[in-house]
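Counting convention: from 1, in listed order, for ligands and their atoms alike. Scope of the values below: all heavy atoms of this structure, side chains included, with no hydrogens, waters or symmetry mates.
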Amino acid sequence: MQGFSTRSIHAGQEPDPTTGAVTTSIHTSSTYAQDGVGGTRGGYEYSRSANPTRTALQECLAALEGGRHARAFGSGMGATDTLLRILLRPGDHMVIPHDAYGGTFRLVDKVLTGWGVEHTPVDLADLDALRAAIRPTTKVVWSETPTNPLLGIADIAGIAAITREVGARLVVDNTFASPYLQTPLALGADVVVHSTTKYIGGHSDVVGGVLVTDDDELAETVTFTQNSTGSVPGPFDAWLTLRGAKTLAVRMERHCDNAERVAELLDAHPAVSRVLYPGLPEHPGHEVAAKQMRRFGGMVSFLATGGREAALQVCASTRLFTLAESLGGVESLIEHPGQMTHASTTGSMLEVPESLVRLSVGIEDADDLLDDLRTALDAAR
Ligand SMILES: *Cc1c(COP(=O)(O)O)cnc(C)c1O
């Protein structure tokens with residue numbers, strides 16, 4: 001197999017056969033001429049069903065995850081919803097991480113329960129807790145690693161073994177790691193989900209999602225269901241995402257370099273009571289992360305010594321770290337999960353600490369990022 005960067009630049013991206021254009025074209029056409037009824041050229045008939053720019057993106061993302069099939073969506077949640085509607089029926093049960101992405105929890109807890117799907121939040125760092133939560137009706141084990149926003153680590157191979165034993169499917173939301181750092185299919189996952197809005201797009205300028213799987217039959221069902229429900233990305237969005245994917249490896253290396261420096265600074269600062277970063281040796285998931293990830297990623301969370309007020313003050317006083325939701329872009333972001341991304345978990349088992357601050361460490365110069373954080377933390381003491 002070719003190296004990761006070679007695949008990200010070339011997979012699905014041959015020069016155009018008629019013009020020689022080196023970059024993939026943005027195919028805006030909604031419909032395609034047929035050579036006689038049913039005589040499509042390459043299977044394209046209508047852009048909800050298939051679009052050449054989207055096909056290029058899908059081939060690239062499948063190659064990056066080392067999977068046979070990828071299907072691109074209009075958002076990460078569109079991908080998640082389509083997949084769960086395929087894998088679950090009324091009366092079925094799923095396991096969801098106790099600190100799942102807030103939007104995933106909302107979909108499961110507020111939407112799918114209305115269709116009779118049951119769920120149990122579980123700390124997936126604890127394989128015994130997973131075993132205990134499995135029911136005869138469990139069809140899906142949903143996993144995120146690292147988790148958002150607590151940076152918990154789950155042992156993908158360990159969870160895959162249990163999931164296979166009980167005949168359920170393991171889905172891994174690989175958004176935080178990106179395929180550069182971790183490839184769950186190789187560890188036994190059945191499906192990988194990404195919000196491509198984050199590291200894969202990488203520039204905070206496009207929303208999208210993807211499902212990747214080796215299962216031919218499931219991929220066919222995804223194609224059918226997506227065409228039936230319509231949660232497709234437009235060609236401009238597919239193109240922007242593909243453009244972002246080309247530089248994923250170099251961006252991730254820099255995100256990791258900078259995040260390691262940030263974690264070190266936070267670890268030594270009195271305004272911080274605890275740093276949540278799997279790259280730190282004292283992180284409970286450090287060894288598992290070291291085994292299944294290339295490096296430890298660009299996301300760092302921490303608890304402010306001064307509690308909620310101090311956390312809010314840090315969020316309000318950084319200058320380079322922009323106060324905003326989302327993550328994975330070239331620019332550094334800071335947020336307060338309790339009142340922003342994870343507000344929907346308040347009062348539930350998934351509620352996050354009020355002193356929690358989450359950083360998406362960008363690829364600016366590390367020294368500037370450290371100066372910015374140090375100034376904000378000094379003021380919060
Ligand atoms: C953002 C995010 C999603 C949802 O993706 P959208 O593109 O916003 O719909 C799912 N999982 C994780 C871990 C995310 O960060």
Side-chain angles (χ1 to χ4, degrees), residues 54 57 61 65 70-85 94 96-112 121 124 140-154 156 171-182 184 189 191-212 226 229-234 237-238 240-241 244-245 252 255 259 276 278 293 297-301 324-329 333-335 337 340-345 350 352 356 358-362:
R54 198 164 103 214
L57 173 64
L61 295 182
E65 281 290 354
R71 298 290 178 267
F73 286 79
S75 70
M77 292 320 302
T80 299
D81 176 51
T82 299
L83 180 64
L84 290 179
R85 276 203 265 172
M94 72 180 284
I96 179 167
H98 75 149
D99 54 349
Y101 171 69
T104 305
F105 178 67
R106 181 175 53 202
L107 173 68
V108 170
D109 186 56
K110 298 284 194 295
V111 180
L112 291 182
L124 288 179
V140 171
V141 174
W142 189 275
S143 168
E144 259 180 66
T145 181
T147 60
N148 176 6
L150 295 175
L151 282 307
I153 297 292
I156 297 173
V171 183
V172 176
D173 181 337
N174 203 28
T175 300
F176 262 42
S178 89
Y180 179 67
L181 297 180
Q182 174 174 280
V191 186
V192 169
V193 178
H194 282 279
S195 167
T196 57
T197 314
K198 315 295 169 53
Y199 286 107
I200 292 175
H203 297 73
S204 304
D205 53 10
V206 59
V207 170
V210 71
L211 299 176
V212 189
Q226 182 180 37
T229 60
S231 50
V232 297
D237 289 0
L240 270 174
T241 305
M252 288 314 297
H255 281 296
L276 309 174
M293 298 175 76
M299 298 300 295
V300 183
S301 293
E325 300 196 355
S326 198
L327 61 115
L333 303 178
I334 188 167
E335 68 122 359
M340 295 170 65
T341 48
H342 290 65
S344 63
T345 64
L350 284 82
V352 295
L356 183 71
R358 188 188 79 178
L359 303 174
S360 174
V361 181

Out of all atoms in ligand 1, which are within 4.0 Å of some heavy atom of [X]? Include the element for each.
{"X": "Asn148", "answer": "15 (O)"}
{"X": "Ser75", "answer": "7 (O), 9 (O)"}
{"X": "Asp173", "answer": "10 (C), 11 (N), 12 (C), 13 (C)"}
{"X": "Gly208", "answer": "7 (O)"}

query: Do any nitrogen or oxygen atoms of Thr104 come within less than 3.5 Å of a nitrogen or oxygen of ligand 1?
result: no
_ligand 1 N/O within reach of Phe176 N/O, cut-off under 3.5 Å_ = no
Between [X] (side chain only) and [Y] (backbone N and O only), is there a donor and an acceptor less than 3.5 Å apart?
{"X": "Asp237", "Y": "Gly208", "answer": "no"}
{"X": "Glu65", "Y": "Asn174", "answer": "no"}
{"X": "Ser360", "Y": "Leu333", "answer": "no"}
{"X": "Thr82", "Y": "Gln226", "answer": "no"}

Between the OG atom in Ser178 and the NE2 atom in His194, the distance rounded to the nearest 0.5 Å is 7.0 Å
Heavy atoms of Ala154 and Ser143 approach each other most closely as CB-OG, 4.1 Å
Taking every heavy atom of Met77 against every heavy atom of Gly103, the minimum-distance pair comes out as CE-O, 3.4 Å
among protein heavy atoms, the one nearest atom 14 (C) of ligand 1 is Lys198 NZ, 2.9 Å
heavy-atom search around atom 4 (C) of ligand 1 in the protein gives Tyr101 CE2, 3.4 Å
The answer for which part of Leu327 has a heavy atom under 4.0 Å from ligand 1 is side chain
